[in-house]
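First up is the structure itself, then whatever we jot down about it.
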Amino acid sequence: MFLDLGEEKCRRCLCLIWTGLLATAFFLICSDPMAARAATEQQQAESVEEFVRSFYESCAEGEIDVIWECMEDDGFDQVHRQALAEILPEYGFQGYDILMVNVYPLREADWWVATVAYDMLVEGIDSPLPGWESLLIQMPEGDSGLIFNVADPSMGDEILQILETAEIRDMSNDINKRFNEIVMQHPEILEWINELEQAVTLRAVDLVSGETMPKKSDEKFYVVQKGDCLWHIAEDRLGDGARWGELYEVNKNIIGEDPNLLLTGMELQLP
């Protein structure tokens with residue numbers, strides 16, 4: 001009788017001890033600041049991805065007011081996005097199929113780099129046109145995001161380190177390979193792209209000429225387009241492709257150590 005009572009007490013004590021240990025472990029896990037930071041960062045990353053996807057939807061729908069609200073008030077990028085959104089439907093654009101959005105936190109709080117891989121759906125073109133771009137985003141917790149030029153010199157080195165990772169290089173190479181294969185099968189796509197770019201440029205000029213904001217002269221700056229290289233830019237804007245080295249030296253702090261790594265949207269100063 002007394003032995004049975006002792007065993008019962010022991011079992012109750014062991015249960016209490018295990019319950020206490022489990023509660024303590026749960027408390028430690030929940031109160032771990034590193035775990036809490038990781039959870040917060042994950043939530044922010046999801047918010048940034050949602051913001052990026054929403055921005056692309058607005059671009060596809062031609063929601064000009066939303067585009068301007070989402071972008072840094074520097075004028076040029078906003079005008080280019082507006083021109084693109086207005087001209088694309090005239091060239092059979094039907095929408096973006098967002099394949100992947102990856103976001104990477106920068107050392108400075110609330111700043112992110114996002115890479116977006118997409119297929120552009122165009123009426124009359126059987127194959128979706130693959131593409132990708134990178135965005136610099138400031139998104140304070142609980143606030144709406146704001147897109148900046150990814151060539152921001154104050155964060156250039158850190159951004160380039162991210163964009164030069166094997167993950168992004170592999171993605172870029174895969175997209176370029178897919179694009180080249182499609183063009184080989186449908187060479188008329190290049191003519192369509194050239195006509196589209198010319199129409200967007202003309203529309204952007206019309207928009208800027210109607211704005212009261214100061215504009216950057218085409219003679220002083222150039223915004224890198226998909227497929228650009230320094231030689232072609234120097235040949236087109238400076239009259240001599242051999243001056244690419246001069247162009248590179250003026251913009252080395254933006255381009256980085258590799259003159260062949262030009263990112264779409266980089267804003268280059270012309271010598």
Side-chain angles (χ1 to χ4, degrees), residues 32-59 66-78 80-81 96 98-118 131-176 216 221-226 228 248 250-269:
D32 182 358
M34 293 185 63
R37 281 197 298 271
T40 300
E41 187 173 284
Q42 178 62 30
Q43 290 177 348
Q44 290 177 321
E46 292 172 357
S47 297
V48 173
E49 178 178 347
E50 183 179 350
F51 166 73
V52 171
R53 291 180 180 274
S54 176
F55 175 72
Y56 267 81
E57 289 178 7
S58 297
C59 291
V66 177
I67 294 173
W68 277 72
E69 289 174 1
C70 289
M71 301 188 71
E72 176 199 14
D73 189 18
D74 70 346
F76 187 90
D77 286 341
Q78 293 163 313
H80 182 266
R81 290 280 184 179
Y96 292 107
I98 303 300
L99 306 178
M100 180 171 55
V101 178
N102 289 327
V103 298
Y104 307 87
L106 298 177
R107 286 190 294 269
E108 187 169 344
D110 301 327
W111 286 88
W112 301 76
V113 168
T115 59
V116 188
Y118 58 82
W132 78 282
E133 72 171 318
S134 54
L135 303 171
L136 175 62
I137 299 171
Q138 183 185 32
M139 192 165 186
E141 187 176 0
D143 201 354
S144 57
L146 192 62
I147 297 173
F148 287 72
N149 192 321
V150 77
D152 188 318
S154 65
M155 303 180 187
D157 291 341
E158 188 178 2
I159 292 172
L160 283 177
Q161 287 177 6
I162 292 174
L163 297 181
E164 290 177 349
T165 59
E167 178 184 25
I168 295 180
R169 283 189 176 276
D170 289 346
M171 177 195 71
S172 174
N173 291 336
D174 179 64
I175 290 174
N176 290 337
K216 295 177 179 177
F221 293 90
Y222 177 79
V223 176
V224 174
Q225 306 298 312
K226 183 176 181 179
D228 273 344
Y248 173 60
V250 172
N251 296 280
K252 191 172 183 180
N253 64 321
I254 295 175
I255 299 173
E257 295 300 322
D258 185 356
N260 295 314
L261 184 61
L262 293 185
L263 305 177
T264 301
M266 277 184 172
E267 191 173 275
L268 305 182
Q269 181 178 349

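For this chain, numbers begin at 1 and follow the sequence in order.
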Taking [Y]'s backbone N and O only, do any of them form a donor-acceptor pair with [X]'s side chain (distance below 3.5 Å, no angle check)?
{"X": "N251", "Y": "Q269", "answer": "yes"}
{"X": "Q138", "Y": "L146", "answer": "no"}
{"X": "E158", "Y": "L106", "answer": "no"}
{"X": "E49", "Y": "V103", "answer": "no"}
{"X": "N173", "Y": "R169", "answer": "yes"}

Worksheet item: So does R53 pair up with E57, basic N to acidic O under 4.0 Å?
Response: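 The answer is no: the pair does not qualify as a salt bridge.
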Looking at every heavy atom in both [X] and [Y], which two are closest together, and how far apart are they?
{"X": "M139", "Y": "S47", "value": "CE-O, 3.6 Å"}
{"X": "W112", "Y": "A45", "value": "CH2-N, 3.7 Å"}
{"X": "W132", "Y": "S172", "value": "NE1-OG, 3.4 Å"}
{"X": "L160", "Y": "G256", "value": "CD1-CA, 3.7 Å"}
{"X": "E257", "Y": "Y248", "value": "O-OH, 3.2 Å"}
{"X": "A114", "Y": "V52", "value": "CB-CG2, 4.0 Å"}

Would you compute the distance between atom [atom1] of [X] and atom [atom2] of [Y] and round it to the nearest 0.5 angstrom?
{"X": "F55", "Y": "L135", "atom1": "CZ", "atom2": "CG", "answer": "7.0 Å"}
{"X": "I255", "Y": "L262", "atom1": "CD1", "atom2": "CG", "answer": "5.5 Å"}
{"X": "Q225", "Y": "H80", "atom1": "CD", "atom2": "NE2", "answer": "4.5 Å"}
{"X": "I137", "Y": "M71", "atom1": "CD1", "atom2": "CE", "answer": "10.5 Å"}
{"X": "E133", "Y": "Y118", "atom1": "CD", "atom2": "OH", "answer": "6.0 Å"}
{"X": "I168", "Y": "N102", "atom1": "CD1", "atom2": "CG", "answer": "7.0 Å"}

Worksheet item: Relative to the ring of Y56, is the ring of Y96 parallel (under 30°), tilted (30 to 60°) or perpendicular (over 60°)?
Response: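 Y96 vs Y56 ring planes: perpendicular.
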Practice prompt. Determine whether more than 12 heavy atoms belonging to other residues, nucleotides or ligands lie under 6.0 Å from atom CD of E50.
Written response: no
Worksheet item: Yes or no on side chain to side chain contact (heavy atoms under 4.5 Å, CB included) for L163 and T115, after CA distance, side-chain angles and deciding distance?
Response: CA-CA 9 Å; L163 297 181; T115 59; 4.0 Å; yes
Practice prompt. Apply side chain to side chain contact (heavy atoms under 4.5 Å, CB included) to E167 and Y104, showing your working.
Written response: CA-CA 12 Å; E167 178 184 25; Y104 307 87; 2.9 Å; yes
